[in-house]
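For reference, the structure is listed below as structure tokens.
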Amino acid sequence: MRNAMSNPTSAADSSFHKDSSPIPDAQGQAALLLIESLIHSLIDNGVLTQEQAIEAIDSAFEVKEESASEEKEPSMTLRRSLTLLKDMRASIEAKVGRYDLG
């Protein structure tokens, strides 16, 4: 199903393919992929700037770091979360131009 918001090349640009968790969480993976795809679509359609997207990811990163100081989750989970956010940030930073929506 393709429409004006689809990103035919977003899977290749996604940070999602780098996630090699031995115990994948299907809901979490789907949510992460959806959010990253949505961010790319919003940038493509001029609704969100690349800088605004990076700022939002950085904000989430800071919240995760704060939770580390409060020991709200296992350190391995925290490290994986931070790595996924770093990968998503890199994916957004690497984005150049619009996807081919044709």
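Predicted model only: the values in this text are computed from it and were never measured.
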Which residue in the set Glu62, Gln52, Met88 passes side chain to side chain contact (heavy atoms under 4.5 Å, CB included) when paired with Ile57? Met88
Side chain of Ser67, backbone of Lys64: donor and acceptor closer than 3.5 Å? yes
Short side-chain to backbone donor-acceptor contact, Thr83 and Arg79, under 3.5 Å: yes
Leu48 side, atom CG; His40 side, atom NE2 - distance, nearest 0.5 Å: 11.0 Å
Decide yes or no for Ile43 and Ile92: does some side-chain heavy atom of the first lie under 4.5 Å from some side-chain heavy atom of the second? yes
Indicate the atoms forming the closest heavy-atom contact of Ser91 with Glu36, along with that distance. OG-OE2, 2.7 Å
Nearest-0.5 Å distance that lies between atom CG in Leu78 and atom CG in Leu82: 4.5 Å
Looking at side-chain heavy atoms only, is the closest gap between Ser59 and Glu55 below 4.5 Å? no
With rounding to the nearest 0.5 Å, note down the distance linking CZ in Arg89 to CD1 in Ile54. 5.0 Å
Counting only N and O atoms by type, is there a donor-acceptor contact under 3.5 Å from the side chain of Asp25 to the main-chain atoms of Gln27? yes
